[in-house]
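Following: one structure in structure tokens, then a few remarks.
Along the sequence shown, residues carry numbers from 1. Reckoned from all heavy atoms, side chains included, excluding hydrogens, waters and symmetry mates.
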Amino acid sequence: MAHDGLPQLTVRDGEAAGMRVAVISSSWNADITDVLHQRAIARAKQAGASVSQWRVSGAVELPVVVAEAVKHFDAVIANGCVIEGETEHFRVVCDAVTYGLTRIAIDSGVPVGNGVLTVQNHQQAVDRAGGEGAVEDKGADSAEAAIQAALVLRQIAAS
């Protein structure tokens, strides 16, 4: 663990200097998405990126905002939390968001870190959000993945 409580980066501290990163998070399930949002910002800043941030209502709104953000940033992190309910709405939302974010990354060539939790219950979300006592840190992980991919794209472009 780093001194600030963040797990060690595979992207070295400062390696993303000069990189512009957007963190866009939904507000639905705010107790979870607030943690994802803050952890993604912390990871990106630790890596040396400058960070801009926005919030949207729910996970379904993420792809349209991310589609605009990829035009202006080196990497984008999208965070949200979809908790399974009693209807098919869960599957529809999860599939639409995952497809949308993947399609944007492929079409734009800009890495999109998918930090949208798709879980069966609230405790699973807590365990993955990266807050106190969490077993995973998906907000930071999604930032790490997007930044690492952006660094690889820079290396490819320079070769």
Side-chain angles (χ1 to χ4, degrees), residues 5-7 9-11 16 19-47 49 51-153:
L6 291 172
L9 294 168
T10 57
V11 173
M19 187 176 292
R20 297 181 66 232
V21 173
V23 178
I24 304 166
S25 302
S26 68
S27 296
W28 197 261
N29 294 311
D31 63 316
I32 302 299
T33 59
D34 289 352
V35 175
L36 292 167
H37 190 76
Q38 292 307 316
R39 298 299 289 176
I41 291 168
R43 177 58 64 93
K45 286 182 176 180
Q46 183 182 10
V51 179
S52 297
Q53 58 178 301
W54 291 273
R55 299 301 291 259
V56 297
S57 181
V60 171
E61 289 74 37
L62 287 168
V64 68
V65 177
V66 169
E68 182 61 28
V70 296
K71 298 174 188 175
H72 309 282
F73 292 88
D74 299 302
V76 178
I77 296 97
N79 295 307
C81 179
V82 185
I83 300 174
E84 189 170 18
E86 297 177 7
T87 69
E88 281 299 304
H89 183 69
F90 171 79
R91 300 254 179 261
V92 170
V93 170
C94 294
D95 289 348
V97 172
T98 300
Y99 176 80
L101 296 176
T102 302
R103 185 82 255 153
I104 292 162
I106 292 168
D107 290 348
S108 69
V110 174
V112 176
N114 185 343
V116 179
L117 301 181
T118 55
V119 295
Q120 296 171 330
N121 57 58
H122 186 265
Q123 187 58 52
Q124 286 180 347
V126 169
D127 290 343
R128 287 161 179 77
E132 186 71 29
V135 296
E136 296 181 74
D137 191 346
K138 294 303 184 185
D141 290 350
S142 61
E144 171 78 15
I147 291 167
Q148 187 177 40
L151 290 169
V152 169
L153 288 172

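Shown here are the salt bridge (charged side-chain N to carboxylate O under 4.0 Å, His left out) partners of Asp34, two or more places apart in sequence or in another chain: Arg55. For Glu68, the salt bridge (charged side-chain N to carboxylate O under 4.0 Å, His left out) partners are Lys71, not counting sequence neighbours.
Of the possible donor and acceptor atoms, none in the side chain of Thr98 sits under 3.5 Å from a partner among the backbone N and O of Asp95. A donor-acceptor pair under 3.5 Å links the side-chain atoms of Asp74 to the main chain of Arg20, judged by distance alone. A donor-acceptor pair is defined here as one N or O able to donate and one able to accept, closer than 3.5 Å; such a pair exists between the side chain of Glu61 and the backbone of Gly58. Remark: side-chain polar atoms of Thr33 are paired, donor with acceptor, to backbone N or O of Ser26 under 3.5 angstrom. Distance alone, capped at 3.5 Å, is enough to place a donor-acceptor pair between the Arg128 side chain and the Gln124 backbone. At distances below 3.5 Å, at least one donor-acceptor pair connects side-chain atoms of Glu144 with backbone N or O atoms of Val11.
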Exercise for the section: Take Leu101 and Val116, measure what side chain to side chain contact (heavy atoms under 4.5 Å, CB included) needs, and give me the verdict at the end. Expected result: CA-CA 10 Å; Leu101 296 176; Val116 179; 4.1 Å; yes

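Between Leu117 atom CG and Cys94 atom SG the span is 10.0 Å, to the nearest 0.5 Å. Summarising the geometry, atom CD1 belonging to Ile147 is positioned 5.5 Å from atom CD1 belonging to Ile77; distances are rounded to the nearest 0.5 Å. Separation of atoms CD (Glu84) and CZ (Arg91) is listed at 5.0 Å; rounding is to 0.5 Å. Considering CH2 of Trp54 and CG of Leu62, their distance stands at 13.5 Å, rounded to 0.5 Å.
The side-chain heavy atoms of Phe90 and Thr118, taken from C-beta on, include a pair separated by under 4.5 Å. Two residues are said to be in side-chain contact when any heavy atoms from C-beta on lie closer than 4.5 Å; Val82 and Val119 fail this criterion.
Donor-acceptor pairing under 3.5 Å is lacking for the side chains of His122 and Asn29.
Residue pairs meeting the salt bridge (Lys or Arg N to Asp or Glu O under 4.0 Å) criterion with at least one member in residues 101-117, sequence neighbours excluded, are Arg103-Asp107.
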